[in-house]
Amino acid sequence: MLIYIVEDDADIRELETYSLKNSGYEVKSFAESKSFFAACTEEIPHLVILDVMLPDFDGLSVLERLRSESATKAVPVILVTAKGSEMDKVKGLDMGADDYITKPFSVLELISRVRAILRRCSFETKQDIVTLGGIVFDDSKHIVTSNSEECSLTYKEYELLKYLLKNKGMALTRENIILNVWGYDFEGESRTVDMHITTLRQKLGDCGNLIKTVRNVGYKAGE
């Protein structure tokens, strides 16, 4: 599997490259975003390890561009940064990062995160189109409509709706939602789920009432 590393610190970049190659992965590394994007036009990687602080273009902007382009929107991304606050993590994950690792980190931790993300992406089964009432979720086209009106969702709102619809009719706890939508290492509070449910309902309009609150448990899609 091909992994791209975007990291301006030469020592960290070399360490990541060496460790991943020793673990059997094909690796290409870049010190800035321009050469990285050029490489993406030639070959799409299976995973991107992306530093937030880059000399030419900050990592969150790189992430935003990856998620906006059809060729790369589904490529899993692990953000790497020295920033460790909850809000930094929330922002990165909401913008579409699949995982988040804070410097300094161990080689074993990095390899473990990479394997977990690639395993999840390789074996996750997809339903291209899921419907619930007036909601039509087309994963192949990355389009959600509510009563025939297209909804503009953030990456995490999209992933949240996808998880709810994938398990429609099932009551899902906030903890379970966080684990499957935000990731096992997310350290934020359960109110993050509540806030995203609120905005998701608003964007679904009249179909927002199909996302049900299950008292003392969490949420579910449908009856």
Asker: Please list, chain by chain and in numerical order, all residues satisfying side-chain contact (heavy atoms from CB on, under 4.5 Å) with Thr173, sequence neighbours excluded.
Answerer: Glu175, Asn176, Val217
Asker: Name every donor-acceptor pair, under 3.5 Å, that has one atom in a side chain of residues 6-13 and the other anywhere in the protein, sequence neighbours excluded.
Answerer:
unit_1, atom_1, unit_2, atom_2, d
Glu7, OE1, Lys103, NZ, 3.4
Glu7, OE2, Asp9, N, 2.9
Asp9, OD1, Asp11, N, 3.0
Asp9, OD1, Ile12, N, 3.2
Arg13, NH1, Glu7, O, 2.6

Asker: Using side-chain hydrogen bond (donor to acceptor under 3.5 Å, both in side chains) as the criterion, list what pairs up with Thr199, not counting sequence neighbours.
Answerer: Glu157
Asker: Going by the angle between their ring planes, with limits at 30° and 60°, are Phe30 and Phe36 parallel, tilted or perpendicular?
Answerer: perpendicular
Asker: Share the residues that join Leu108 in a hydrophobic cluster, the rule being Ile, Leu, Val, Met, Phe, Trp or Tyr side chains under 4.5 Å apart at the heavy-atom level.
Answerer: none
Asker: Which atom pair, heavy atoms only, marks the closest approach of Leu79 to Gly92?
Answerer: CD1-CA, 3.7 Å
Asker: Test of understanding: with side-chain hydrogen bond (donor to acceptor under 3.5 Å, both in side chains), list the residues that count as partners of Thr213, not counting sequence neighbours.
Answerer: Arg201
Asker: Once side-chain contact (heavy atoms from CB on, under 4.5 Å) is applied, do any residues pair with Leu2, and if so which ones, sequence neighbours excluded?
Answerer: Tyr4, Glu26, Lys28, Glu43, Pro45, His46
Asker: Test question: given the 4.5 Å side-chain rule for I, L, V, M, F, W and Y, name all other residues clustered with Tyr18, or answer none.
Answerer: none
Asker: Using ring pair (Phe, Tyr, Trp, His ring centres under 6.0 Å) as the criterion, list what pairs up with Tyr155, not counting sequence neighbours.
Answerer: none
Asker: From the options Ile111, Val114, Val27, select the one residue that forms a side-chain contact (heavy atoms from CB on, under 4.5 Å) with Ser19.
Answerer: Ile111
Asker: Just jot down the side-chain hydrogen bond (donor to acceptor under 3.5 Å, both in side chains) partners of Asp94, sequence neighbours excluded, or say none.
Answerer: His196
Asker: Suppose the criterion is side-chain hydrogen bond (donor to acceptor under 3.5 Å, both in side chains): which pairs have a residue in residues 53-67, not counting sequence neighbours?
Answerer: Ser33-Asp56, Asp58-Ser61, Arg65-Glu69, Arg67-Asp98
Asker: Could you give all pairs that pass the side-chain hydrogen bond (donor to acceptor under 3.5 Å, both in side chains) test and reach residues 214-223, with sequence neighbours left out?
Answerer: Asp194-Tyr219, Lys212-Glu223
Asker: Could you list the residues that satisfy side-chain hydrogen bond (donor to acceptor under 3.5 Å, both in side chains) with Glu150, not counting sequence neighbours?
Answerer: none
